[in-house]
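These notes are about the structure you will find just below.
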Amino acid sequence: MEKQAVQRAREAFLAGRSRPLEFRVQQLKSLQRMITDRQGEIATALKQDINRSQYDTPLFELIGLENEISLAVSKLAQWAAPRPVERNLLTISDQAYIQPEPLGVVLIIGAWNYPWALTLQPLVGAIAAGNAAVVKPSELSEYSASLLKALLPRYLDQELYPVVCGGVSETQELLRQRFDHVFYTGNSTVGKLVMEAAARHLTPVTLELGGKSPCYIDKDVDLRVACRRITWGKFVNCGQTCIAPDYILCEPSIQNRVVEGIRQTLLEFYGPDPKSSPDYGRIINQRHFNRLMTLLEGYTATVGGQSDSSQRYIAPTVVKDVPPQARLMQEEIFGPLLPIVTVSDIDDAIHFINEREKPLALYVFSSNKKVIKRMLAETTSGGVTVNDVIMHYTLNSLPFGGVGQSGTGRYHGKHTFDQFSHHRACLVKSLGMEDVNMVRYPPQNRQKVRRVRLAMRTPLVDFSKGTYIWAVTASIVALGLLVALTVILILAAGVSCTCL
Amino acid sequence: MNTPLDSCVLNALRATFRSGVTFPEQFRMTQLQNLLYLVEENEQLIQDALHKDLHKPKFESVLSEIQITLNDLYFAMENLRTWMQPEYNIGKNLATRMDDCFIRREPLGVVLIIGAWNYPLHLILLPLVAAIAAGNCAILKPSEICQATEQLLAELIPKYLSQDCYAVLCGGAEDTKSLLKNKFDHIFYTGSQVVARSILLAAAPHLTPVTLELGGKSPCFIYGHIDIQKAAKRLCWSKFFNTGQSCVAPDYVLCTAQTRDALLPALRETLRTFYGPDPGASLDMGRIVTPHHWRRLMDMLEKSKGKVVIGGESREEDRYIAPTVLVDVQESDALMQEEIFGPILPILTIESLEEGIDYINRQEKPLALYVFSDETSVVTTVLNNTSSGGFCGNDGIVHMALPGLPFGGVGASGMGSYHGRWGFETFSHRRGCMNRSWLLERVNVLRYPPYSDYNLGWLRWATTFKKNSWGGCSVM
């Protein structure tokens with residue numbers, strides 16, 4: 001069944017249907033309508049999947065998606081147009097440009113934590129770039145997956161953008177097929193398997209993975225605001241966000257105040273009993289619930305710690321003084337548990353971060369520009385937000401993606417379009433100027449070699465500082481000479497002038 | 001080369017990278033400058049090595065190995081500062097108006113560059129230029145087939161470049177396999193599809209990103225109204241340069257019978273002008289790289305059902321094959337099953353442009369595609385209905401000499417690209433950074449629980465993409 005869906009998508013792509021810009025825009029607008037018309041159903045599915053509050057849905061999934069679609073519709077002509085490049089002497093009369101082209105049939109494997117955003121946002125870029133796309137939503141968010149399977153064919157071209165649902169074996173079957181690009185959001189274990197499967201067909205991949213995103217809090221900072229922002233980013237979607245601040249690094253002297261700041265904020269956000277707050281989520285399934293409870297074993301929570309297995313509820317939990325070798329610090333938490341690890345200073349913090357795998361996001365809270373600069377310059381991560389969390393995800397002109405174990409490739413906004421395009425280098429010459437070309441043909445001699453070396457030189461115009469200074473000085477001198485010459489001529493002609 | 005040595009070298013390079021010494025602009029500039037001296041001061045040695053390995057004529061060595069490397073170096077040094085600057089000119093929205101948003105380009109770490117044998121110098125040095133410019137450490141693994149060049153690189157690189165940051169490891173297929181067991185931060189490979197697959201499979205467990213510069217059968221249309229003499233010259237030049245052993249050489253020609261009949265005398269005349277009556281005696285004609293490759297080409301030629309109309313001569317002792325052209329070659333011919341990579345040019349006859357395009361689209365996407373035609377509509381039709389790594393109209397190969405154009409394949413011809421700025425981007429991580437202001441916390445309050453319709457309404461208004469604004473925002 002998977003094979004047939006891919007086959008049909010390929011035939012539809014080869015027929016050329018997905019290429020015309022008008023078609024792409026029409027499909028994107030249709031997708032937009034689907035989101036607007038079906039918001040209620042989507043919210044219901046998310047509530048059933050992950051107890052998502054009715055406000056979190058538009059906030060975290062739909063507004064972003066709508067914006068991506070609007071941006072793509074508005075800018076598509078610009079993105080898809082040829083992009084001219086700098087030429088050299090040999091190519092001065094030619095057309096040299098990069099033409100973005102569709103890749104073909106792409107595979108998009110979604111994730112369960114933001115099942116609509118993480119599945120459909122890549123799809124927006126894939127459609128915009130003119131591809132066909134097989135969409136495989138995560139089976140862990142089963143209500144969303146079923147709803148997507150029911151809805152998408154009603155709004156989009158059924159052959160070009162089929163939805164394939166299923167579990168591990170269906171995904172494996174899909175991965176045996178040949179695609180022109182595979183876009184996967186999820187964990188690194190499966191990421192490696194996806195890359196391996198794609199390797200057999202020499203298929204390029206984009207992997208949006210995760211990791212432990214550190215959050216460093218400097219001591220001279222407005223802790224009230226910092227803690228509020230961190231609490232928001234950590235506990236939204238019950239901590240099940242790939243760019244949630246995974247753990248806090250701070251000096252021992254401020255640890256207690258940090259804990260207090262978080263405790264107070266939690267009260268403001270969810271009240272004294274988060275379990276009864278409509279705004280607090282649940283863990284996706286029993287397996288993840290058990291995994292998280294195991295991580296907490298042997299540690300006493302400073303804040304929270306309560307749980308209810310029947311509801312897959314874990315209270316927003318903070319643990320102080322966590323040792324680096326604790327289980328909590330060995331894997332991405334992906335839940336509402338927030339360990340605090342103490343470090344002696346910024347050097348210690350940087351060292352701690354660099355000893356570990358490159359994370360998807362890095363956060364630093366500081367009022368000290370030097371601290372921020374050092375953090376940025378001496379560490380690496382997929383992305384960074386300074387003095388807040390998560391927000392770099394929200395600006396679609398910033399590329400969103402990982403590095404090292406946190407992923408490969410990037411997307412959002414135009415970056416998605418570029419990721420799903422082939423950037424074809426095009427040089428269109430004329431058969432004229434053949435005399436210039438003669439230098440490169442055999443039989444060869446030293447003179448020809450010299451001429452060819454000169455003709456190949458780029459850049460064409462010397463924009464170096466020296467030349468700039470020369471140009472400005474020469475212009476001033478020339479202007480001065482012109483003025484002087486004019487004055488002399490006027491004097492010589494004996495013309496009286498009141499300005500002299 | 002054995003595993004403990006690779007790991008030692010790799011660990012040393014990793015330690016150097018961690019120290020941050022490759023990050024500053026000055027360091028990168030110095031290394032690029034030193035690489036420039038390496039090439040400039042050893043031109044003769046390089047030419048000699050290339051001649052020994054590939055019987056490469058001096059002209060080809062200068063043009064396609066030395067000068068292209070020097071150009072890329074000049075280009076990188078001239079633009080390095082600009083490339084390294086954080087990119088600030090990106091769209092912001094209402095919610096992020098007060099914030100500092102920028103994209104940093106950061107080094108990846110220790111990268112592995114595997115060279116190829118057909119242009120053993122530039123195919124390993126151009127990626128190295130990009131890797132150095134992007135602030136990485138690098139291990140170079142030159143092709144063992146070109147032993148003179150391999151040894152020269154192993155000798156010169158440590159002499160000119162920092163030995164703490166860049167190492168050359170020599171060895172064969174087995175050694176490369178064991179090298180690949182280690183973790184790298186990027187692997188850059190130029191070569192064949194078969195090996196590319198095993199490289200990707202080795203990279204997957206480490207989640208290492210890979211750039212693959214492969215090949216394929218690059219088709220060449222000669223169609224419609226065209227000055228056949230000029231076209232023949234450019235075709236011959238690009239086909240027989242480096243004895244046809246270029247990944248972007250026009251592999252085969254597609255044209256009508258009429259064009260073919262006009263083309264053949266033009267080809268004959270051009271070849272005579274280029275190489276004289278006996279190309280085997282011309283100093284400007286190269287040789288096949290190894291007896292094994294010579295045998296492969298001769299097998300293809302022998303099995304071919306096409307008719308040899310030009311050339312066909314060969315000599316096993318010095319691995320010579322004359323510039324050879326065949327006609328009446330069918331899709332099923334032995335010459336049409338794999339990339340030729342030699343001085344053999346099959347001509348396939350087509351009745352229409354569509355037939356040619358259909359044929360091309362039935363094959364794997366090639367690394368390059370060529371069209372010779374005076375008619376813009378022909379060029380446009382082919383461009384719009386096919387895909388390829390790169391494209392050149394009315395010439396061959398030269399599109400790869402323009403550093404502004406990305407050089408790379410698509411589908412079976414490769415993934416990723418380099419040359420000029422594209423190389424710098426390949427070996428960098430683009431880190432999206434947002435430096436939020438402490439102000440406007442009152443606006444931030446809109447996003448916090450307890451949620452309400454009121455807050456959501458305002459947030460929606462503040463964050464919805466407006467047609468004339470720059471960029472959009474998903475969640476404020």
Side-chain angles (χ1 to χ4, degrees), chain A residues 53 55 59-60 63-64 67 70-71 74 85-86 88 91 96 101 188 191-192 195-196 199 202 204 225 232 269-270 279 380 383-388 391-392 394-400 403 405 408 410 413 422-431 434 441-444 449 452-453 456 458, chain B residues 59 62-63 67 71 75 90-91 96 101 103 106 193 196-197 200-201 204-205 207 209 227 230 237 274-275 284 379 387 390-395 399 401-406 410-412 415 429-436 438 441 448-451 456 460 463 465 467 471-475:
Chain A
S53 95
Y55 298 105
L59 207 56
F60 287 101
I63 294 179
N67 278 341
S70 305
L71 181 71
S74 155
V85 301
E86 194 183 332
N88 58 20
T91 49
E101 298 184 339
S188 49
K192 289 173 188 171
M195 198 170 159
E196 215 177 296
L202 287 175
V225 177
W232 170 78
F269 284 4
Y270 307 115
D279 300 330
T380 189
V384 179
T385 301
V386 177
N387 294 331
D388 207 338
M391 297 303 292
H392 64 285
T394 71
L395 187 62
N396 56 23
S397 48
L398 285 176
F400 182 74
V403 63
Q405 296 291 298
T408 175
R410 67 208 61 82
H422 168 52
H423 299 270
R424 190 184 197 183
C426 299
L427 180 64
V428 185
K429 295 176 72 72
S430 79
L431 281 177
E434 187 59 2
Y441 299 140
Q444 280 309 319
V449 172
V452 134
R453 279 183 120 127
M456 276 177 73
T458 46
Chain B
F59 178 82
V62 168
L63 185 61
Q67 195 58 40
N71 272 358
F75 194 78
I90 56 178
T96 50
C101 301
I103 304 172
E106 301 184 341
Q193 285 167 20
R197 262 187 204 96
L200 268 181
L201 284 170
L207 288 171
D227 181 332
K230 287 186 184 157
W237 180 81
F274 281 7
Y275 306 114
D284 298 326
V379 175
S387 186
F391 174 89
C392 188
N394 295 323
D395 211 330
H399 62 290
L402 198 57
L405 285 175
V410 64
M415 57 177 80
H429 167 54
R430 265 171 264 181
R431 192 183 195 187
C433 302
M434 184 184 280
N435 191 341
R436 296 274 284 161
W438 287 105
E441 184 60 7
Y448 299 142
Y451 300 132
L456 185 60
R460 244 205 155 106
T463 61
F465 174 78
K467 195 157 180 211
C473 174
S474 20
V475 175

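We name chains A, B, ... by the order of the sequence lines, and we start the count at 1 in each one.
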Which atoms of B:Met415 approach chain A - backbone, side chain, both or neither, heavy atom under 4.5 Å: side chain
Does any backbone or side-chain atom of B:Leu201 lie under 4.5 Å from a heavy atom of chain A? Answer side chain, backbone, both or neither. both
What is the minimum heavy-atom distance between [X] and [Y], and which atoms define it?
{"X": "B:Trp237", "Y": "B:Leu63", "answer": "CZ2-CD2, 3.9 Å"}
{"X": "A:Leu71", "Y": "A:Gly413", "answer": "CD2-CA, 3.7 Å"}
{"X": "A:Leu398", "Y": "B:Gly432", "answer": "CD2-CA, 3.9 Å"}

If I measure from the heavy atoms of chain B, does [X] come under 4.5 Å with its side chain, its backbone, both, or neither?
{"X": "A:Arg410", "result": "side chain"}
{"X": "A:Glu101", "result": "side chain"}
{"X": "A:Tyr270", "result": "side chain"}
{"X": "A:Ser188", "result": "both"}

With A:Ala96, which residues qualify under side-chain contact (heavy atoms from CB on, under 4.5 Å), at least two apart? A:Val85, A:Arg87, A:Leu427, B:Leu402
In terms of heavy-atom pairs under 4.5 Å with chain A, which of [options] leads?
{"options": "B:Glu106, B:His399, B:Arg430", "value": "B:Arg430"}
{"options": "B:Pro449, B:Pro450, B:Gly393", "value": "B:Pro449"}
{"options": "B:Ala412, B:Ala196, B:Pro209, B:Ser387", "value": "B:Ser387"}

If you tally heavy-atom pairs under 4.5 Å between each of A:His422, A:His392, A:Glu196 and chain B, the highest tally belongs to A:His422
Would you mind telling me which of A:Val428, A:Thr380, A:Thr385 has the largest number of heavy-atom pairs within less than 4.5 Å of chain B? A:Thr380
Taking ring pair (Phe, Tyr, Trp, His ring centres under 6.0 Å) as the definition, give me every residue that meets it alongside B:Phe59, ordered by chain and number, with sequence neighbours left out. none
B:Asn394 side chain to A:Ser430 backbone, donor-acceptor under 3.5 Å: no
Side-chain donor/acceptor of A:Asp279 to backbone N/O of B:Tyr451, under 3.5 Å: yes
Separation of A:Thr408 OG1 from B:His429 NE2 (nearest 0.5 Å): 10.0 Å
